[in-house]
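Sequence positions, counted from 1, serve as the residue numbers for this chain.
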Amino acid sequence: MRNARLARALVALVGTATLGLAACSSGSGGTAGGSTTLTVWHYYNTDGQVQGLERLATAFKAKHSGVHVQFQYVPVEQMTTKAVTAAGSKKGPDVLVFGASGTYPLAQAGAIKPMDDWWSTYPSAKQFPDGVLQKIDGKLYGVQGYVNLLGLWYNKDLLDQLGAQVPTTIPEMQDVMAKAVKAGKQGITLTGKPGLESQWQGFPWFTSNGFTYGDAQAAPMAQTYTMLQDWIAKGYLSKEAATWDQVAPFQQFTAGSSVFAVNGNWQIAAAAQAKFTYGVAPLPITSQGGVLLGGEVQNVGAFSKHPDLAKEFLEDAFFSVDGELTLLDAFGSIPAHAEAAASAKISNDPILSVFGKIVQQQGRPSPSPQVPSKSVDKVETLVGNYWSKAISGQGKPDQLANELIDQLKPLLQG
């Protein structure tokens with residue numbers, strides 16, 4: 001199974017030196033003053049993620065004199081559109097780091113090309129599980145160098161003050177949140193911003209209620225939306241969450257304002273700033289539910305001026321053991337390269353070890369295999385938008401669920 005293969009891909013923790021980010025660039029790389037500029041588009045926006053890029057640039061520059069790596073931040077909801085638009089003008093970056101939902105539209109627009117020939121000759125290719133290979137009609141269009149996933153972060157000091165335990169079911173979690181609100185705290189923080197991020201955030205909860213993309217029904221969604229609106233009515237969750245990305249709610253959690261945060265392993269560096277004892281647990285969902293195993297996809301831009309150098313950068317930075325361990329160190333990503341799977345660095349780490357268990361117990365492939373490739377971006381955006389609408393109260397649960405399913409079913413028919 002894909003999840004089992006992903007679980008075996010967990011590897012170790014190590015660090016490297018840092019280098020300040022290079023200035024942003026909006027096009028493909030060039031050569032100036034005897035140096036070569038390599039451009040990389042990404043949507044990393046946490047301190048740990050940015051530091052991870054810095055370290056990758058440092059290591060690559062040390063091996064390639066005269067090479068200058070330029071990073072350009074593109075918001076996640078703009079990445080696909082920006083890359084497709086650039087491709088229409090036969091422009092774009094040397095390297096694209098993008099969400100899996102963008103694979104199909106990027107491939108269709110010619111912003112990325114199949115990488116089968118390259119991957120078939122890459123010595124470490126067999127170290128990567130099938131679950132991180134993004135394919136369309138049998139052709140490889142990108143590889144995820146690592147896996148990201150959601151867990152339930154908790155404020156242990158606050159739990160102790162409330163006389164509560166880490167919940168294993170939704171009712172147990174709601175009981176703890178009620179106690180937190182009575183103590184003047186928020187129950188939970190999570191992402192509710194319209195778009196792709198919210199589909200990720202909502203997936204564990206609506207699948208826990210029995211929803212599947214293979215047989216999309218309104219009832220499980222209505223049940224999920226009812227839960228969200230009940231949380232808001234009781235003060236467990238702020239209605240402002242409808243505008244929150246993944247950064248803002250975790251900042252509130254680390255400030256000590258809430259007892260729980262639904263967020264990912266990429267927040268490990270940010271969590272270290274908290275002035276309280278914290279931990280991570282699997283989300284308290286049913287056996288029907290699961291968490292998506294995401295992680296950014298990497299490929300060379302179709303209009304790269306330095307495609308060979310771009311391939312070398314990806315092999316060195318995102319696909320090598322050292323590069324993936326650098327990102328693990330920087331922001332807690334779970335590397336996909338299997339060579340260091342026997343390392344005790346993850347199993348001995350109290351946070352990473354839990355995320356490793358979540359991969360095994362609750363992990364689901366992303367994008368969901370039941371969604372046609374050509375519809376992934378539209379489906380995930382639509383579902384994320386309705387998650388946000390439910391939080392902001394833009395309709396009653398049944399109404400929102402029926403509206404969603406009416407729009408969703410044609411997309412799922414292929």
- Query: Between V297 and I112, is a side-chain contact (heavy atoms from CB on, under 4.5 Å) present by the stated rule, with each step listed?
  - Reply: CA-CA 11 Å; V297 183; I112 52 176; over 6 Å; no
Value rounded to 0.5 Å, distance of [atom1] in [X] from [atom2] in [Y]:
| X | Y | atom1 | atom2 | value |
| --- | --- | --- | --- | --- |
| I232 | M227 | CD1 | CE | 10.0 Å |
| F276 | Q161 | CZ | CD | 11.0 Å |
| Q127 | S320 | CD | OG | 12.0 Å |
| F128 | Q144 | CZ | CD | 11.0 Å |
| E324 | I334 | CD | CD1 | 11.0 Å |
| I405 | Q407 | CD1 | CD | 10.0 Å |

- Trace of the side-chain contact (heavy atoms from CB on, under 4.5 Å) decision for V176 with L159: CA-CA 8 Å; V176 177; L159 283 180; 3.6 Å; yes
Heavy-atom distance under 4.5 Å between the side chains of [X] and [Y], does that happen here?
| X | Y | answer |
| --- | --- | --- |
| D130 | L133 | yes |
| L196 | D377 | yes |
| M173 | L283 | no |
| N148 | E296 | yes |
| V69 | L53 | no |
| L404 | K389 | no |
| L400 | Q229 | yes |
| V76 | D245 | no |

- Task: Start with the C-alpha gap between L325 and H337, add the side-chain angles, then the distance that decides, and say whether side-chain contact (heavy atoms from CB on, under 4.5 Å) holds.
- Result: CA-CA 10 Å; L325 295 180; H337 197 296; over 6 Å; no
- Assess whether side-chain contact (heavy atoms from CB on, under 4.5 Å) is satisfied between F318 and L56, documenting all intermediate values. CA-CA 8 Å; F318 287 94; L56 294 178; 4.0 Å; yes
Any idea which heavy atoms bring [X] and [Y] closest together, and the distance?
| X | Y | value |
| --- | --- | --- |
| S373 | K135 | OG-O, 4.5 Å |
| V181 | G187 | CG2-N, 4.4 Å |
| I170 | P284 | CG1-O, 3.1 Å |
| A302 | G110 | CB-O, 2.9 Å |
| S258 | I188 | CB-N, 4.3 Å |
| L158 | N155 | N-OD1, 2.9 Å |

Tell me whether the rings of [X] and [Y] are parallel (<30°), tilted (30 to 60°) or perpendicular (>60°).
| X | Y | answer |
| --- | --- | --- |
| F250 | F253 | tilted |
| Y213 | F203 | parallel |
| F319 | Y122 | tilted |

Output yes when a side-chain donor or acceptor of [X] lies under 3.5 Å from a complementary backbone atom of [Y], and no otherwise.
| X | Y | answer |
| --- | --- | --- |
| N263 | Q246 | yes |
| T226 | P397 | no |
| S353 | N348 | no |
| K185 | G256 | yes |
| S208 | I285 | no |
| Q201 | G192 | no |
| Q298 | L314 | no |
| N299 | K113 | yes |
| D94 | S304 | no |
| Q49 | T46 | yes |

How about [X] and [Y]: does a side-chain donor come under 3.5 Å of a side-chain acceptor?
| X | Y | result |
| --- | --- | --- |
| T191 | S198 | no |
| Q370 | S368 | no |
| W231 | Q174 | yes |
| E403 | Y386 | yes |
| E315 | W118 | yes |

- Does the ring centre of Y44 sit less than 6.0 Å away from the ring centre of F331? yes
- So does K193 pair up with E77, basic N to acidic O under 4.0 Å? yes
- Query: Is any side-chain N of the basic residue among K156 and D160 closer than 4.0 Å to the acidic one's carboxylate O?
  - Reply: yes
If you count every heavy atom of other residues, nucleotides or ligands that lies below 6.0 Å from [X] atom [atom1], does the total exceed 12?
| X | atom1 | result |
| --- | --- | --- |
| Q288 | CD | yes |
| E240 | CD | no |
| D137 | CG | no |

- Between F206 and the options W387, Y225, W200, F211, the ring pair (Phe, Tyr, Trp, His ring centres under 6.0 Å) test singles out F211
